[in-house]
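In what follows, a single structure is set out as structure tokens and then discussed.
Residue numbers start from 1 in every chain, and the chains themselves are labelled A, B, ... in the order their sequence lines are given, proteins ahead of strands.
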Amino acid sequence: MSLFLIVALPFLGAVFPALLIRAGRNACSWSAGVTTLLAFIGLMINLPAVLRGEAVTARLDWLPWLGLNANFFLDGLGFLFATLILGIGLLIILYARFYLSREDPMGQFYTYLLLFQGAMVGIVLSDNILLLLVFWELTSLSSFLLIGYWKHLPEGRQGARMALAVTGSGGLAMIAGMLILGHIVGSYDLSVILQNKEAIQSSPLYLPALILILLGCFTKSAQFPFHFWLPHAMAAPTPVSAYLHSATMVKAGLFLMARMWPVLSGTPEWFYIVATTGLITMLIGALIALFKDDLKALLAFSTVSHLGLVTMLLGFGTEIAAVAAVFHIINHATFKAALFMSAGIVDHETGTRDIKRLGGLRHLMPVTFTIAVIASLSMAGLPPLNGFLSKEMMLEETLHTAWGHSHLLVPGLAVLAALFSAAYSFRFIAHVFLGPKRSDYPAHPHDPPVGLWLAPAFLVVLVVTIGLNAQAMVGPLVKVAASAVTGGELPYFKLKLWHGFNTALLMSTIATIGGLILLVSHGGLERVWNALPRPEAKTIFDAVIRALTGLSRVVTDTLHNGAISRYAMIFVTFTLAIAVYAYFTGTMTLPTRDAQDAPLLPTLAWFCLISATAMLTFLHRNRQLALVLIGVVGLIVSLSFNYLSAPDLAMTQISVEVVSIILLLLCLNFLPKTTPVDSSLTIRVRDGVIAGVAGVGSAALIYAVMIRDFSFPTISEFHLANSYKGGGGTNVVNVILVDFRGFDTFGEIIVLGIAALVIFALTEAVLASNVRAYLLNRKPEWPQSGDAHPLMMVVATRVMMPIALMVATYIFFRGHNLPGGGFIAGLVAAIAYVMQYMASGFTWAAERQRIFYHGIIGSGVLIAAATGMGAWFNGLPFLTSAFGYVHLEPLEEFELATAALFDLGVFLAVLGAVMLALESLSRFAWQPGMVTEHAMDINPKRDDPPPEPDPDADPDQPATEGGT
Amino acid sequence: MITYAIYFAFACFGVALMMNLWRILTSDGVGVRVLALDTMVINTIALLILYGVSISSEIFFEAAMIIAMLGFVSTVAYARFMLRGNIIE
Amino acid sequence: MAFAGELIISFFLIVSGIFGFVGSFGLLKLSDPMSRMHAPTKATTLGVGGVLIASILHSLFMEDHLSLHELLITLFLFITAPVSAHFIAKWHIHRHETPESLPDAGDDGVWATHDIEDDEDAAEMPR
Amino acid sequence: MELLLATAVGVLTASGIYLIMRKRTFPVILGLSQLTYAVNVFLFASGRLAINQPPILNKYAEVSYTDPLPQALVLTAIVISFGMTAVIVMLALSAYLSSRNDRIDLTEEPGDDA
Amino acid sequence: MNHLIIAPVVLPAMLAPFIIMVIRHHLDLQRIFSVAATVILLGISFALVGQALGGEIQTYELGDWPAPFGIVLVLDRLSALMVLLTSVLALPIVLYAIGSGWDKRGRHFHALFHFQLMGVIGAFLTGDAFNLFVFFEVLLIASYGLMTHAGGTRRLRAGVQYVVYNLLGSTLFLFALGTLYAVTGTLNMADLAVRVAEMPPEDTALLRVGAVLLLLVFAVKAALLPLHLWLPLSYANAPLPVAALFAIMTKVGAYSILRMYTLVFGPEVAATHGLVGDWLLPAAMLTLAAGAIGILGSRDIGRLVAFAAIASMGTLLIAVGLFTPASATAALYYMVHSTFATALMFLVADMVMERRGPEITPRTPMPQSGLIASLFFVGAIALAGMPPLSGFIGKLLVLQASWSAPERVAIWAIILIGSFVTIVGLARAGSLIFWKSHAVEPEPDPNPQSPPEIDTAPEPSPGLTFSATFALLAGLIALTIFAGPATEFASETAEQLFDPSRYINAVLKGGEQ
Amino acid sequence: MRLLRHIFPHPFLTLLLTLVWQLLANDLSLNSLLFGFFLGIVIPVITMPYWPNRPKLHNIPMVIEYILVVLYDIVVANIAVARIVLFKPDAARNPAWVRIPLELRSPEAITVLAGTITMTPGTLSADLSAKGHSLLVHCLDTDDPDAVRDEIKQRYERRLKEIFE
Ligand code: NA
Ligand code: NA
């Protein structure tokens with residue numbers, strides 16, 4: 001079967017349980033089991049090839065640009081691990097089917113489990129280290145889900161997070177390490193990398209790469225000091241613990257060390273880092289396991305210890321040590337999985353995993369007892385079980401290992417670790433199964449149904465048979481796997497129970513006897529242990545995370561404190577700093593233009609502007625005054641534009657100015673009329689300094705610009721030259737706006753239209769909220785005068801408004817050739833309407849003539865766009881203009897231009913937008929009772945009609961005239 | 001002769017402008033300031049037209065006209081604000 | 001003729017300059033707020049009017065074409081200046097005068113600016 | 001002339017920037033308005049200053065014209081910033097009416113987002 | 001003349017006015033037109049990408065005025081890619097907005113939505129610097145409306161800040177354009193490139209100031225530290241589907257930096273040398289750090305995703321800031337990824353928020369918790385750059401691209417540690433929201449008038465919202481599976497970018513300059 | 001007749017607007033005359049809702065007379081004001097309020113009167129009474145408020161009454 005399929009099957013299988021959640025527990029477990037079985041079978045088909053020493057490969061280019069490819073290969077090592085993963089996986093699926101209770105979502109469980117399984121298979125079959133990284137991180141993620149499977153347990157949540165944090169971060173380090181490795185070799189394909197030992201080990205980047213990769217391995221395989229997450233991962237359901245935390249995931253780190261062994265090992269760095277870490281982990285894990293009362297915690301620390309053992313063996317860097325490592329991986333997987341399952345059964349049946357509450361179960365649960373005893377004794381390293389064999393090999397290897405100059409350190413500590421190991425294994429048997437039967441089990445324990453004990457029983461059978469006949473059972477497998485680890489021929493070895501009386505056996509004996517002694521004296525030792533101050537990893541981890549979170553919170557909340565006044569300060573300061581930097585790293589020539597002299601008039605205007613601005617800045621707290629001053633500034637700016645040959649700008653500026661002031665006045669009606677002092681003097685001085693620097697900067701910049709010529713001829717020379725003959729207008733600014741750069745103008749009217757829409761939408765949103773009630777009950781801040789709509793104003797408007805509309809029309813039509821155009825015309829027309837609204841009130845005017853400003857805006861934009869698209873029919877691009885001169889007798893010749901149509905769009909959009917905005921704002925002040933009945937409040941003609949009624953001089957009653 | 005007359009008028013309206021500014025800067029009531037701004041607007045119209053006369057250009061006419069119209073509207077707006085709070089009611 | 005033209009133009013320019021000055025000077029000099037209003041509304045308006053006439057004459061005599069559009073600005077100012085002044089006067093009455101400080105309003109009882117409805121709901125009541 | 005304009009830009013910019021660092025919406029809007037003036041004049045001046053050379057083509061005489069392009073750009077910019085001003089004014093008002101508070105900062109104060 | 005180039009701008013520009021004019025009061029019709037137009041837009045975008053694939057750069061001279069005197073639209077691989085990205089993002093979001101009923105909580109959602117698309121697409125297509133400003137403003141003002149859509153006190157107040165900050169940015173934009181025009185006398189980007197390259201070496205200071213101011217404008221949009229400060233409050237308080245759409249807005253900033261600083265102020269240009277290199281990269285790294293720290297320090301889910309957006313912009317800007325073809329390749333791939341991932345996460349955050357409020361605290365369970373939890377998990381994987389999704393590939397590409405940079409160690413450390421912090425933060429948030437809530441018993445509700453409705457989704461049509469989210473997820477998956485072709489496209493795009501003469505020749509027609 | 005009223009809601013306005021257009025266009029041509037007239041018809045129709053009633057001018061010659069009188073008054077009296085402003089000490093001035101009882105009833109007429117009062121120097125119409133039957137006028141400097149009142153009524157109101165009512 002293709003390797004792709006073997007890797008893909010578990011992932012495919014993960015889909016079924018998710019889909020079959022409603023189909024029942026059996027369907028879920030069956031689908032999971034069958035896919036796993038298929039993958040297993042697929043794997044086994046490759047057994048002959050693997051045993052022949054061939055590597056089965058499958059390649060697929062995924063991301064050649066990066067070198068990340070879906071390349072797989074299967075050699076002895078991969079085969080061994082894949083067998084463990086899929087084989088034990090099958091047993092776990094079986095076991096879990098009976099272990100999980102009715103309330104547990106079975107589909108989810110199997111989905112996660114198979115995801116994990118697929119990721120693991122992926123790791124061990126990857127022939128591309130980037131691909132391997134993908135699977136590597138996937139195992140972290142899926143194990144996160146599995147550990148947190150029981151969502152109601154806080155320990156599950158915390159354990160899952162801790163596992164993810166530790167293994168995830170290791171994975172990140174490994175990414176860096178792998179990338180470095182890939183760069184040294186020039187390829188991310190394992191098969192290539194494994195050929196480049198020389199290049200790698202001689203590279204200056206060897207040590208960084210080694211450390212980074214080992215960080216990944218150590219975190220994953222729970223090596224000291226990253227071992228602390230594993231016991232907390234025990235909050236997972238027991239099948240998960242048995243699978244991930246004994247047989248598979250934690251072995252991923254070992255796998256990788258074994259995988260990389262040919263190119264990374266053999267250096268002192270490797271030895272001292274790997275072997276030492278392994279040794280310490282083995283010792284500490286065993287020691288802690290001895291004092292754990294929780295069955296699973298005991299097993300977890302035991303796992304830590306055994307992982308340390310394998311790590312140490314790999315660290316030794318010798319071929320035989322590698323063989324021992326491979327062999328122990330197999331053995332540990334069998335007995336530890338069996339033990340976890342047994343612990344699960346005990347938990348399941350008695351309702352507790354606390355050793356202190358257990359004891360005497362051997363009669364109540366004979367089957368479980370048998371399984372647990374055999375597995376425990378293997379863990380203790382007693383003959384004739386498989387644990388004994390690999391432990392012997394380990395001890396033997398320690399004897400050949402010198403740490404620094406000491407030849408005793410490693411063997412001595414190894415014996416000590418083996419001693420602890422024996423002790424906790426014995427304790428597992430003695431304190432759970434032996435001793436008197438108790439009366440206070442939380443449940444009534446008895447042996448479980450066969451479904452639960454079948455899987456561990458099978459494993460125990462393996463434990464025994466491998467122990468008795470290792471060479472036949474696993475010899476070839478170990479051989480191919482180990483030669484894959486070493487990457488070459490192995491020295492002769494034979495897996496056997498009896499090597500004669502040698503030092504290793506002596507060490508074993510010491511360990512066993514010592515273990516028994518420790519078991520006997522456990523009570524006393526426990527008191528000593530509990531009295532000792534020990535760093536509790538979880539507390540530290542929690543504290544670190546809490547501190548990290550707290551610190552993040554402080555940093556984040558301080559940096560992003562929601563104070564835009566500060567954000568703006570930072571913005572301005574940063575911009576200034578960068579701009580000053582850019583300036584001073586550049587070069588500058590002397591001015592090339594003479595400054596023009598300043599006559600009296602501009603100087604006066606300048607003086608007005610400066611005074612008004614200064615006053616505005618210092619007296620801005622009086623908001624009404626500030627608006628008057630803004631008016632002065634706008635007026636002067638407009639005048640300056642006039643003076644500086646920009647009549648179009650001047651008109652636009654002043655029109656926009658007035659409409660803005662009206663908007664601001666409408667708004668200020670509701671706002672407080674003064675601004676309180678919020679900032680301290682220091683802050684104000686600081687802001688003043690920043691503002692001053694910014695002012696100097698902008699002034700200097702524009703001054704430097706103005707006293708220099710353009711470095712190149714400007715594109716506007718073209719505009720001046722082509723405005724009349726190509727654009728049909730003599731007002732070049734207008735031709736630029738509606739023709740050369742008509743697309744800008746198109747965008748601009750859309751901006752204006754959107755602004756009006758936004759304002760309208762905001763009004764609707766605010767008036768739909770409880771603000772409406774506030775507005776209805778709002779009293780004016782100061783007494784209002786009488787006579788809201790003075791007669792004089794109304795009458796003046798009746799004349800002025802038509803004239804203003806006339807002016808707007810005039811401005812519109814002349815714009816193409818003289819200052820003016822659709823935009824200014826639109827504003828003037830809008831102001832004409834505003835005049836009417838101010839005179840007689842919004843409601844009165846609106847009632848007389850309902851204008852759908854939405855429609856005006858929309859039609860404006862559509863007319864502009866349609867004009868632009870008209871050019872398409874001539875095969876010309878959007879916004880291509882056309883114009884012609886019409887001569888109709890007896891009229892004089894006049895011009896017709898599509899630009900005028902475009903400008904009409906502009907006019908309408910502007911008019912509609914301004915009016916919609918004003919209308920929306922006015923609605924805030926509108927109150928239901930407030931119907932303005934008359935155009936003017938005082939009208940003597942209305943109040944006392946003349947003696948002879950004249951139909952033409954009807955009072956301005958809406959009833960008589962409004963309906964037209 | 002016209003040139004001197006124009007200079008004279010420039011000076012008069014320029015000084016007038018400064019006096020308006022002084023009123024705006026030193027008054028205590030907003031009403032007077034609005035009045036001063038209104039006057040300022042009218043004075044600038046005069047200045048614009050004068051400037052047009054001085055350079056024999058009519059390019060400023062429309063601007064002056066629009067300023068005249070808009071100056072009125074803004075004065076009314078300010079005044080309505082002071083009288084009624086709401087300028088469009 | 002040209003000299004006469006120049007003379008007339010200059011005359012208008014000077015006179016309007018003086019009125020323009022007077023308008024703003026009055027705004028500065030006169031002490032009570034109501035009086036201040038007098039100067040700018042008339043003198044300034046007249047001053048601008050003079051400039052506009054000068055401009056018309058200038059184009060007529062100096063550039064030889066009739067250009068009357070300055071009249072339009074004059075028209076605007078004559079329509080709007082009284083209304084502006086009226087509003088500002090109302091503001092003054094609203095803020096600084098009481099019914100007692102003003103002359104009696106005759107049969108109507110009170111001046112319009114002081115005619116404030118006490119009842120908020122008065123606007124709803126039929127007249 | 002150039003110096004007058006440059007200093008005017010500088011003063012407007014300084015005023016605008018000082019005001020946008022205030023803590024209430026209204027002065028910030030005033031500041032934005034000042035900044036808009038400043039940048040419009042700035043952009044305008046990027047075409048250099050010319051007096052009495054409006055870019056209105058004279059069919060009868062060879063005259064020089066000021067650079068029309070910055071004028072067109074400023075016109076667009078004025079219109080756009082008008083739209084922006086209208087929106088920020090309305091938004092500031094809406095925010096004030098909703099919260100009865102015209103502070104612009106949203107620093108976490110108890111009861112701030114009632 | 002290939003009118004298709006302007007179609008993606010004109011289509012929304014016509015549709016939105018049509019909506020407000022004709023079918024303003026008919027939400028159903030608005031929805032139909034809005035979705036239909038988005039689908040058409042998607043079709044146009046695919047066609048444009050198809051045209052760009054050939055490698056020939058096409059231009060569209062508006063008003064038939066020759067460049068550089070008129071405005072020109074330019075279709076190259078990059079612009080086509082960005083337009084496609086925009087429309088691909090738009091469809092799920094508009095569907096989500098409809099499905100969740102967000103579009104009817106305020107006025108004019110669809111019109112503003114299409115105006116926003118118009119602005120974004122115009123910004124991607126234009127070849128004129130001032131026109132870029134105009135489209136920036138179009139997209140910004142539409143975003144102001146969308147950000148404050150449906151109102152609400154906090155949203156409005158956050159909206160004020162958002163608008164004010166961006167107005168500052170717009171002002172700066174004009175300062176920059178004024179300076180550039182004053183020095184070079186042109187606005188056309190290709191023409192700018194020509195002139196900047198010919199700039200006399202003894203007179204560069206003003207040009208440099210203009211160039212750097214422009215960069216800062218784009219940095220504001222791209223949320224580069226310390227100009228990113230506007231983002232958390234704005235995005236967290238916007239309607240979250242809108243925030244999802246805004247995922248493309250930050251990309252406009254990144255795009256503009258990439259465009260301007262390869263075309264005009266490219267690495268080879270002497271006059272503007274060192275302007276970017278000296279600080280963009282460190283700032284990008286700090287952005288990533290600030291984002292990651294923010295994720296860990298967030299108290300509510302909207303803010304969490306906002307910071308995730310910042311972090312992903314940090315990563316993207318690191319890639320952009322390296323300014324090599326390889327880094328640009330990584331940047332383009334990551335850009336697509338980051339857009340989908342951020343948008344997906346905002347939509348998921350919206351689902352969570354609609355069901356149980358924004359706080360990252362244990363609460364009572366919510367309807368469809370399992371499905372949403374899965375989506376959150378997947379989104380978190382994507383954002384944290386964990387395998388198997390495209391985030392991981394993107395991260396690898398960025399790491400790989402930075403191999404030859406002198407700042408390699410710092411970049412790697414920041415990216416990897418940033419990922420770690422992100423993972424911790426997202427895991428914390430996810431487990432609190434989805435797992436712990438599972439643990440808390442549905443307590444007696446303190447307000448009896450709102451009984452907890454566990455089984456009913458708050459959206460009018462959850463089917464649509466979930467489909468929309470899954471569509472984004474599918475985008476991520478496709479990006480992962482087709483990472484090969486995708487990086488191939490990105491690398492060819494980067495090649496085109498780093499050969500500005502092709503662009504210049506296409507726009508200036510062989511350069512009569 | 002009704003149709004005509006719809007086309008020309010305010011014939012004088014039409015006339016005024018046509019004139020305004022000529023002034024705006026600043027050249028007299030058939031084009032501008034026709035177009036101005038066209039606008040003079042269209043714009044009043046658009047703005048008609050805001051000016052529902054139709055004031056009538058009864059005495060056209062009187063209109064011209066009135067304009068001339070006012071222009072004369074403006075010029076002459078402005079000189080007086082200039083003198084006051086420039087030379088008269090503030091303390092020597094006698095500002096005063098004057099109430100003018102109105103006989104005019106038409107709003108248009110009252111507006112013209114008030115405007116005239118303001119534009120003619122020395123007086124400024126400040127307010128109307130609550131029902132519009134009196135006009136409040138402020139005098140810059142007067143010793144005899146009653147004389148001011150009488151002169152206004154005699155010189156302006158009388159003529160306006162003839163024009164409007
Ligand atoms: Na054209
Ligand atoms: Na702006």
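- At a 4.5 Å heavy-atom cutoff, F/T116 makes no contact with chain C through either its backbone or its side chain.
- Taking C/H114, C/E97, C/H65 one by one and counting their heavy-atom pairs under 4.5 Å with chain F, the maximum is reached by C/E97.
- Counting heavy-atom pairs closer than 4.5 Å to chain F, the top residue among C/A105, C/A89, C/G49, C/G50 is C/A105.
- A distance of 5.0 Å separates CG in F/L140 from OG in C/S35, rounded to the nearest 0.5 Å.
- Against chain C, no residue from residues 33-43 of chain F qualifies, as none has a non-hydrogen atom under 4.5 angstrom away.
- With sequence neighbours left out, F/H138 forms a ring pair (Phe, Tyr, Trp, His ring centres under 6.0 Å) with C/H38, F/W97.
- In this structure, chain F has heavy atoms under 4.5 Å from both the backbone and the side chain of C/L68.
- The shortest non-hydrogen separation linking C/S67 to F/N26 is OG-ND2, 2.9 Å.
- Contacts of F/P95 with chain C are made by side-chain atoms alone, with heavy-atom separations under 4.5 Å and no backbone atom involved.
- F/D90 places a side-chain N or O within 3.5 Å of a backbone atom of C/S31 that can act as its donor or acceptor partner.
- No more than 12 heavy-atom neighbours from other residues, nucleotides or ligands sit within 6.0 angstrom of CZ on F/R83.
- Counting heavy-atom pairs closer than 4.5 Å to chain C, the top-ranked of the candidates F/L136, F/T118, F/L128 is F/L136.
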Compile the donor-acceptor pairs under 3.5 Å between side chains in residues 18-30 of chain C and protein atoms, sequence neighbours left out, one pair per line.
from, atom 1, to, atom 2, distance (Å)
C/S24, OG, B/N20, ND2, 3.1
C/S24, OG, B/N43, ND2, 3.0
C/K29, NZ, F/V85, O, 2.9
C/K29, NZ, F/K88, O, 2.5

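- When C/L71, C/V83, C/L102 are compared by the number of non-hydrogen pairs under 4.5 Å with chain F, C/L102 comes out ahead.
- In plain terms, the two heavy atoms of F/L23 and C/H69 that are nearest each other are O-CB, 2.7 Å.
- Partner of C/K42 under the side-chain contact (heavy atoms from CB on, under 4.5 Å) criterion, chosen from F/T120, F/I74, F/N78: F/N78.
- F/D127 places no side-chain N or O within 3.5 Å of a backbone atom of C/K90 that could act as its donor or acceptor partner.
- Summarising the geometry, atom CZ belonging to F/R99 is positioned 5.5 Å from atom CG belonging to C/D104; distances are rounded to the nearest 0.5 Å.
- A side chain to side chain donor-acceptor pair (under 3.5 Å) check over residues 30-45 of chain F, counting only residues at least two apart or in different chains, returns the pairs F/Q22-F/S32, F/S29-F/S32.
- Using a 4.5 Å cut-off between heavy atoms, F/L135 touches chain C through its backbone atoms (N, CA, C, O) alone.
- For chain C, the nearby part of F/T123 is the backbone; its heavy atoms alone come within less than 4.5 Å.
- A donor-acceptor pair shorter than 3.5 Å cannot be found between the side chains of C/D107 and F/H133.
- Ranked by heavy-atom pairs under 4.5 Å with chain C, the list F/V20, F/I84, F/V75 is led by F/V20.
- Of the listed residues (C/L46, C/T41, C/V15), the greatest number of heavy-atom pairs within a distance under 4.5 Å of chain F belongs to C/L46.
- Atoms CD1 and OG1, on C/I79 and F/T111 in that order, are 11.5 Å from each other to the nearest 0.5 Å.
- Only the backbone of C/L66 has a heavy atom closer than 4.5 Å to any heavy atom of chain F.
- Between F/K131 and C/D115 there is no salt bridge, since none of the side-chain N atoms of the basic residue sits less than 4.0 Å from a carboxylate O of the acidic one.
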